[in-house]
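Everything on this sheet refers to the single structure shown next.
None of these values were measured; they are calculated from a predicted model.
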Amino acid sequence: MAAEAEVQELESRFLVPGDLLILTGNKVQMPCDAILIDGSCVVDEGMLTGESIPVTKMPLPKMESLLPWKVQSEADYKRHVLFCGTEVIQAKGACAGAVSAVVLQTGFNTAKGDLVRSILYPKPMNFKLYRDAIRFLLCLVGTATIGMIYTLCVYVLSGESPEEVVKKALDVITIAVPPALPAALTTGIIYAQRRLQKKGIFCISPQRINVCGQLNLVCFDKTGTLTRDGLDLWGVIPSENNSFQEIHSFALGKALPWGPLCAAMASCHSLVLLDGTIQGDPLDLKMFEATSWEMDVSGDNFHIKGVPAHAMIVRPCKTASQVPVEGIAILHQFPFSSTLQRMTVIVQELRGDRLAFMKGAPEKVTSFCQSETVPTNFASELQIYTTQGFRVIALAYKKLETDHHITALTREKVETDLIFLGLLILENRLKEETKPVLEELISARIRTVMITGDNLQTAITVARKSGMVSENQRVILLEANEASGSSSASVSWKLVEEMKHITYGNKDNYINIKEEVPGNNREGSYHFALDGKTFQVISQHFNSLLPKILINGTIFARMSPGQKSSLVEEFQKLDYFVGMCGDGANDCGALKMAHVGISLSQQEASVASPFTSKTPNIECVPHLIKEGRAALVTSFCMFKYMALYSMIQYVGVLLLYWNTNSLSNYQFLFQDLAITTLIGITMSLNGAYPKLVPFRPAGRLVSPPLLLSVILNILFSLVMHIVGFVLVQKQPWYSTEMVSACPVKNESISKLTISPTAPGKMESNGTYPSIENTTIWFLGTINCIIVALVFSKGKPFRQPIYKNYVFVLVLIIQLGVCLFILFANIPELYRCLDLVCTPTLWRVYVVIMLSANFLVSFFVEEAVIENRMLWTEIKRRFGYQSKSQYRIWQRALANDSSWPPLNQTSYCDMSGCGREVSYSNPVFESNEEQL
């Protein structure tokens with residue numbers, strides 16, 4: 001039976017833990033978590049580990065137990081487990097048979113199931129803007145209720161019919177509460193989404209664009225996000241006669257001379273040959289490619305003593321010279337383990353010696369070497385490169401006797417009395433865009449945090465080089481230990497100091513632990529660095545310390561996917577608006593948990609994150625924040641405008657109700673369609689300002705500046721309407737028998753007597769032409785244009801208003817049309833709009849009132865509402881302080897002279913430490929620990 005059919009059959013009968021899963025072919029999609037008990041597999045682990053390379057899985061070691069998967073070493077279980085969702089590329093049975101595995105987890109209990117569940121059921125996010133919008137609408141409803149009561153009183157006392165009274169009262173609600181408000185609020189988001197799409201940033205949750213404008217902390221993954229995906233081979237330092245030799249640089253294109261070091265680089269790896277392509281760990285691949293050797297598999301007709309058929313063979317390329325061996329056969333591998341920190345291979349030179357090569361962490365490899373072969377300056381030389389962010393690998397070898405069978409050679413026997421060969425130096429370079437982007441974010445006072453699964457020391461160096469930690473800031477290393485036996489959990493603080501190495505004249509920086517305790521520790525002058533283990537211990541045993549650490553925590557290394565999402569959640573508890581930028585499947589939980597998730601990959605991570613960038617670098621982050629701020633300010637501007645537009649109509653209609661009059665249908669249509677609709681469409685076209693300023697726009701509608709702006713402009717409009725309504729009635733030419741100033745048949749003034757209650761002249765909606773109606777309509781219509789101009793805020797979050805050419809053109813045309821109607825003596829036009837011609841002097845008075853309203857409104861908006869210095873001074877005078885949790889902690893730590901406790905160790909006791917985890921993400925934390 002084919003492998004795919006077998007898997008489908010197993011899925012159809014619902015695999016349960018303990019079932020035996022048989023793999024007999026290639027290209028199998030794993031439906032469960034299973035542990036190998038016989039044979040080996042090459043699988044693509046990219047779905048869950050964030051890597052895009054094939055990984056070799058080995059069977060459990062032979063044990064006396066009948067159920068070895070229940071007693072296997074927890075530290076090394078990943079080498080034996082096939083995780084759900086991974087693709088089995090190649091399967092090899094131990095004795096030319098099928099590969100056997102035992103099912104451990106199925107469904108949502110698998111590693112992939114946990115990942116899917118974290119995406120499907122994230123923590124709900126509720127942005128304050130939308131909550132405040134509902135409250136504001138309720139306030140408008142309350143205002144409309146007051147107007148409705150006023151309307152009922154006026155029309156009932158005037159003796160109107162009940163039907164007319166109810167209709168007029170209900171009209172007030174539709175006027176005071178603008179129905180187009182939700183649509184107006186989304187226009188800014190739509191335009192921002194379109195601008196982001198042009199920059200290669202795609203969004204599946206447009207509501208999050210406004211949230212981007214509030215971001216004040218952004219977390220970054222390291223590998224593939226801040227740094228390039230792969231490793232680049234920098235050089236190799238051979239060791240000979242107990243001392244390091246001259247560095248061999250591969251940048252010059254010169255081949256490494258033949259010797260044990262070259263043989264080790266060519267054979268000590270876990271690479272496999274799949275469909276003629278060499279696949280495997282990038283580090284192994286870079287190391288092998290540097291030798292310019294070739295890889296092949298021995299056929300059935302291959303007969304060399306000691307070399308089995310179908311063995312992996314590496315050969316020097318045809319152009320290579322002075323290589324005395326025909327090739328090297330890889331006989332057996334002792335695979336790499338993160339616990340052992342090394343791997344070893346047994347090889348045989350074709351028609352030559354049998355050798356063992358070891359590769360791994362330098363400190364670990366040298367512990368298996370003969371002491372006389374290790375250079376005396378090994379530690380100092382190693383420190384120079386590791387603390388510059390280089391990846392350093394040590395190599396060693398020994399000769400083996402050929403009369404021993406491979407199966408008789410245990411790892412313990414092989415890994416003894418080795419000869420040290422040298423150090424392999426690889427570098428993970430920063431992307432060109434990383435440092436400028438981080439500098440831009442930091443200058444805008446947006447915190448940057450690194451969350452990586454890489455080595456802590458490498459992460460610190462990358463943080464230094466990228467500018468995340470500046471030269472004058474210190475890094476404090478946190479190390480925590482779990483409780484064991486009689487000793488309780490502990491956490492210690494050590495200062496990591498940046499120094500220059502003088503002996504070698506190297507201008508690159510390296511890290512040293514400083515023993516002295518500096519005297520002055522100002523807030524913001526230091527950063528905490530810790531790994532996932534320390535984060536877990538602090539979360540479990542030092543709850544009270546966690547917020548203090550997070551306030552200055554910048555570097556988090558060796559973090560698991562679950563820990564990444566937990567850390568994002570902890571930052572959110574401190575009232576940060578958190579963004580997360582990553583490119584791997586191991587970032588999915590954090591991308592979904594953050595307020596704003598930005599994926600640099602179009603693979604699994606793009607499913608979990610609201611935003612995906614086609615450009616695989618972090619340049620998208622400031623673009624997103626700029627557009628978010630612009631969209632947020634646009635939403636506020638539109639909200640203020642729509643509120644003022646409804647209040648202008650509301651005030652005008654209530655004044656006309658005093659005379660049992662109202663605006664006509666055509667007057668309403670002109671204001672709604674020709675004025676407000678066009679302004680609502682074009683007002684949001686302003687693009688984002690190209691520079692990030694060091695402060696954010698207001699995130700709430702109920703903030704004092706915004707409310708004051710709305711209230712003052714309502715008062716200005718109310719005063720202007722009342723002045724116009726009262727003043728027009730005091731004019732000498734005003735009478736109930738109105739006079740039209742429009743010239744008719746060469747007469748300068750025509751007598752047109754229209755009684756307000758004359759039968760046959762009143763429209764079906766209870767309105768009639770009047771001087772008050774004409775005055776109120778012109779004041780309200782042109783005031784809508786003035787308010788749009790005043791509220792069209794540009795810098796510092798949006799482009800200046802003059803850059804919005806369409807909007808400016810619309811305002812000019814609208815204002816021109818309104819002034820034309822105001823001063824045009826065209827009776828037919830006035831009759832269509834139910835207006836009455838007034839004397840030219842009164843029209844000038846209308847323009848003067850509108851101009852005064854504009855000047856006062858513009859001055860108040862610029863000098864008071866948008867004056868940050870004024871509001872800062874008001875806050876200082878009244879002693880107002882931010883109530884955000886992170887601000888409260890920052891103020892508390894700034895006044896705490898004992899924080900941070902450098903070169904001290906804190907222990908957990910029952911009174912001062914909590915045993916509970918401060919946060920755990922049950923929908924993402926994998927069951928791997930239970931395997």
Side-chain angles (χ1 to χ4, degrees), residues 125 127-129 192 196 199 201 208-222 225-226 430-431 433-452 462-464 466-470 473 523-528 550-556 567-568 570-582 590-591 593-600 609-611 613 617-633 688-700 795-798 868 882 884-887 889-890:
M125 185 196 67
F127 191 37
K128 294 178 181 178
L129 171 65
L196 287 172
K199 295 177 181 177
I201 304 171
R208 303 264 182 149
I209 295 178
N210 273 343
V211 186
C212 294
Q214 284 292 293
L215 288 184
N216 55 0
L217 186 149
V218 183
C219 301
F220 294 97
D221 182 33
K222 183 183 76 68
T225 303
L226 298 177
L430 285 175
K431 292 182 178 179
E433 303 81 7
T434 296
K435 191 169 184 178
V437 169
L438 292 181
E439 289 176 350
E440 183 179 9
L441 294 177
I442 293 171
S443 65
R445 295 183 183 177
I446 297 173
R447 273 193 66 186
T448 55
V449 172
M450 183 190 301
I451 310 178
T452 177
V462 170
R464 290 276 193 196
S466 64
M468 191 175 287
V469 177
S470 63
Q473 292 177 322
E523 181 242 339
S525 63
Y526 59 89
H527 299 264
F528 288 126
L550 294 182
I551 291 300
N552 288 92
T554 302
I555 303 164
F556 298 85
L567 178 61
V568 169
E570 291 295 343
F571 277 125
Q572 290 173 332
K573 286 183 180 180
L574 293 174
D575 295 331
Y576 281 109
F577 279 88
V578 183
M580 175 69 195
C581 184
L591 289 170
M593 187 68 65
H595 291 105
V596 177
I598 311 164
S599 170
L600 302 185
S609 59
F611 299 93
S613 173
N617 60 61
I618 63 173
E619 277 185 330
C620 59
V621 176
H623 287 320
L624 204 52
I625 295 175
K626 292 170 189 174
E627 290 293 347
R629 290 181 174 184
L632 187 58
V633 171
Y689 195 66
K691 182 180 179 181
L692 276 177
V693 293
F695 53 92
R696 298 175 295 161
R700 304 189 62 180
K795 294 191 298 184
F797 303 113
R798 299 198 301 171
R868 293 192 72 252
S882 173
S884 298
Q885 286 296 315
Y886 72 92
R887 291 293 189 192
W889 280 107
Q890 283 176 347

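- Residues satisfying the side-chain hydrogen bond (donor to acceptor under 3.5 Å, both in side chains) criterion with Arg887, sequence neighbours excluded, are Gln890.
- Between Asp221 and Leu600, every side-chain heavy-atom pair lies at or beyond the 4.5 Å cut-off.
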Anything under 3.5 Å between a donor and an acceptor, one on a side chain of residues 574-581, the other on a protein residue two or more places apart or in another chain? List them.
residue	atom	partner	partner atom	Å
Asp575	OD2	Gln885	N	2.8
Tyr576	OH	Arg447	NH1	3.0

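- Within the structure, the side chain to side chain donor-acceptor pair (under 3.5 Å) test picks out the following pairs touching residues 619-633 (sequence neighbours left out): Arg195-Glu627, Glu440-Lys626.
- When side chains are defined from C-beta on, Leu215 does not count as touching Leu624, because their heavy atoms never get closer than 4.5 Å.
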Exercise for review: Dump the intermediate steps for side-chain contact (heavy atoms from CB on, under 4.5 Å) on Phe528 and Ile551, then the final yes or no.
Suggested key: CA-CA 9 Å; Phe528 288 126; Ile551 291 300; over 6 Å; no
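- Of all non-hydrogen atoms in Thr448 and Thr554, the two that sit nearest each other are O-CG2, 3.6 Å.
- Put simply, the side chain of Phe220 does not reach to within 4.5 Å of the side chain of Val462, judged on heavy atoms.
- Here the closest non-hydrogen pair linking Ser609 and Gly597 is CB-O, 3.5 Å.
- Partners of Ala630 under the side-chain contact (heavy atoms from CB on, under 4.5 Å) rule, at least two apart in sequence or in another chain, are Ala688, Arg798.
- Atom CG of Leu692 sits about 9.5 Å away from atom CZ of Phe797, to the nearest 0.5 Å.
- Looking at heavy atoms from C-beta onward, Phe571 lies in side-chain contact with Val449 at the 4.5 angstrom threshold.
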Practice item. Would you please test Leu632 and Arg696 for side-chain contact (heavy atoms from CB on, under 4.5 Å) and show each step? Key: CA-CA 10 Å; Leu632 187 58; Arg696 298 175 295 161; over 6 Å; no
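- At a threshold of 4.5 Å between non-hydrogen side-chain atoms, the residues Ile555 and His527 do not count as touching.
- In this structure a side-chain-to-backbone donor-acceptor pair under 3.5 Å is missing from Thr225 to Lys222.
- Here the straight-line distance linking atom CG of Leu591 with atom OG of Ser599 works out to 6.0 Å at 0.5 Å rounding.
- In this view, Asn216 and Tyr886 satisfy the side-chain hydrogen bond (donor to acceptor under 3.5 Å, both in side chains) rule, not counting sequence neighbours.
- For Lys795, the side-chain contact (heavy atoms from CB on, under 4.5 Å) test picks out Tyr689, Pro800, with sequence neighbours left out.
- For the pair Lys573/Leu550, no side-chain contact is recorded, criterion being any heavy-atom separation below 4.5 Å from C-beta on.
- Val596 has its side chain out of reach of Pro610: every pair of non-hydrogen atoms, C-beta onward, lies at least 4.5 Å apart.
- Residues passing the side-chain contact (heavy atoms from CB on, under 4.5 Å) test with Pro436: none are found, sequence neighbours excluded.
- Separating the CD atom in Glu439 from the OG atom in Ser466 is a distance of 9.0 Å, to the nearest 0.5 Å.
- The shortest non-hydrogen separation linking Gly213 to Pro697 is O-CD, 3.7 Å.
- Proximity of Ile618 to Leu438: side-chain heavy atoms (C-beta onward) are separated by under 4.5 Å at one or more points.
- Put simply, NZ on Lys435 and CD on Glu433 are 14.0 Å apart, with the number rounded to the nearest 0.5 Å.
- Residues meeting the ring pair (Phe, Tyr, Trp, His ring centres under 6.0 Å) test with Phe556, sequence neighbours left out: none.
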